[in-house]
Asks: 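Encoded as structure tokens, here's the structure I'll be asking about.
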Amino acid sequence: MAKKSFSCSACGASFSKWSGRCEGCGEWNTISEDAGLSAGPSGKSLGQKRGSRIQLTDLAAEETPPPRTRCGLDELDRVLGGGLVPASAILVGGDPGIGKSTLLLQAAAKFAQSGLKTIYVSGEEASAQVRMRAQRLGLGQAPVQLAAETNLRDILTTLEAERPQLVIIDSIQTMWSDNVDSAPGSVSQVRSAAHELTTFAKRKGISVVMVGHVTKEGQIAGPRVVEHMVDTVLYFEGERGHQFRILRAVKNRFGAADEIGVFEMTGSGLSEVINPSALFLSERGEAAAGSVVFAGIEGTRPVLVEMQALVAPSPHSQPRRTVVGWDGGRLAMILAVLEARCGIPFTGLDVYLNVAGGMKISEPAADLAVAAALLSAREDVALPADSVIFGEISLSGALRPAPQTENRLKEAQKLGFSAAIAPSGGKSVSVNGLSLRQVSDLTGFVGEFFGAG
Ligand code: TYD
Ligand code: MG
């Protein structure tokens, strides 16, 4: 008898027996028996049935890169990898109210003005509302076709007849497919709607951009499989109280992941920020204890950001460790290295770390900047205000050179900094007008800038 197999409809993991909760992704009630896969029509098991031969091609064959359309919003074009690739599927995630609809309406208008036939389908707002927003953004005359619709079958039929080159779906959670019984917004509806849309769009050569809401945990609501289905996943991030917005590529089959685009939310929509470093540093005052400037790389661009730390005696038995814009685990590691290798303990002290401007940093090269901010706050000693700092810290307390040192230094010089603190080793680089102070380990760094610690 053929062996039964089961698989999870959310993440695709397969199992030999049924269970209520998928061990792969943790979803409930998504595991079902795989139907009819174990035996072919002839009753023979699939393993013995012969398939037809597939065509193989040379890896070395010439292939031209896909033609791309640039919309003219450079920050968006760059995050897409240099423009929109035809028949690509893109998912844009972000918190409610962060500005996804605004961004995509502006993008739709720009792409339409660049010559792409564009349709904007809103499942959340009436056409009149979208039209009013367009007028407020000064895009009232853009040649974009609008629809307010949630029925996926009707949408696909319309796309079939209209044959646009770009369609925006705002949002995937509001779409419902009559192939699935469950309610709009449910996991299976989102998955099915995203699947139908992307396969249809690929077949017809239409690019599709889907908006996806984000859950409290920060993931695009609905199953992970939606992220696997599309070519590009972008997150639109920012703090509500701040005007900066960051569009970040977390997956891109047609360009670099980790690329960011920076925007500013204004009364008349999103405007591009051509020089993010200047913006992130604009609120910075005099040299202050606990504040350092990190010279980072985001995607293909250098970006300078201010790192702020506050260290204070804790009234709690378990001192606080609060991080905004950086990884909490990594902070714990830096604190442990400072204690174990340099003999500087943070026991009994609350530690707060903040990346100014609402940026999120994930680069290991930020380690040394974080350590510097923490030490500066703890010792109440300000680092020179004209210096930037970067470098990775290893568990042994050694410092590792960061990639793209030259780009970091050039950006610092361009923004008026005259010194940089960086690990020694690696390629030797020099930038006119910038003095480079190299340190080989954390103990040496502490000794040089904070006395013996
Ligand atoms: P929206 O694009 O509707 O967010 P989302 O689709 O992600 O839910 O943006 C909502 C916010 O943006 C709203 O609070 C008002 C603000 N906004 C501006 O500040 N300026 C503008 O020109 C527009 C259109 C919106
Ligand atoms: Mg919206």
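Throughout, residue positions are numbered sequentially from 1 according to the sequence presented. Values reported hereafter were calculated over all heavy atoms of this structure, with side chains retained and with hydrogens, waters and symmetry mates removed. Each ligand, and each atom within it, is numbered from 1 in the order the structure gives.
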Asks: Quick one, Glu298 and Ile361 - any side-chain contact, counting heavy atoms below 4.5 Å?
Replies: yes
Asks: Any side-chain heavy atom of Asp367 within less than 4.5 Å of one from Trp326?
Replies: yes
Asks: Any sub-3.5 Å donor-acceptor pair from Arg21's side-chain atoms to Gly26's backbone N or O?
Replies: yes
Asks: Taking the side chain as everything from C-beta on, heavy atoms only, tell me whether Cys22 gets closer than 4.5 Å to Ile31.
Replies: yes
Asks: Under a 4.0 Å N-O cut-off, is there an ion pair linking Glu227 with Lys251?
Replies: no
Asks: Under the side chain to side chain donor-acceptor pair (under 3.5 Å) criterion, do Ser291 and Glu306 qualify, and how do the steps go?
Replies: CA-CA 7 Å; Ser291 153; Glu306 184 190 355; 2.9 Å; yes
Asks: Protein N/O/S atoms under 2.8 Å of the Mg ion (ligand 2)?
Replies: Ser101 OG
Asks: Could you check whether any side-chain N or O of Ser192 sits under 3.5 Å from a backbone N or O of Ser188, counting only pairs where one atom can act as donor and the other as acceptor?
Replies: no
Asks: Please output the residues near ligand 1 using a strict heavy-atom distance under 4.0 Å, listed in chain and residue-number order.
Replies: Asp95, Pro96, Gly97, Ile98, Gly99, Lys100, Ser101, Thr102, Arg133, Arg136, Leu137, Met265, Thr266, Gly267, Ser268, Gly269
Asks: I'd like to know whether NZ of Lys360 has more than 12 heavy-atom contacts from other residues, nucleotides or ligands below 6.0 angstrom.
Replies: no
Asks: State whether Glu75 and Arg301 are salt-bridged, where the test is any N-O pair (Lys NZ or Arg NE/NH1/NH2 against Asp/Glu carboxylate O) under 4.0 Å.
Replies: yes
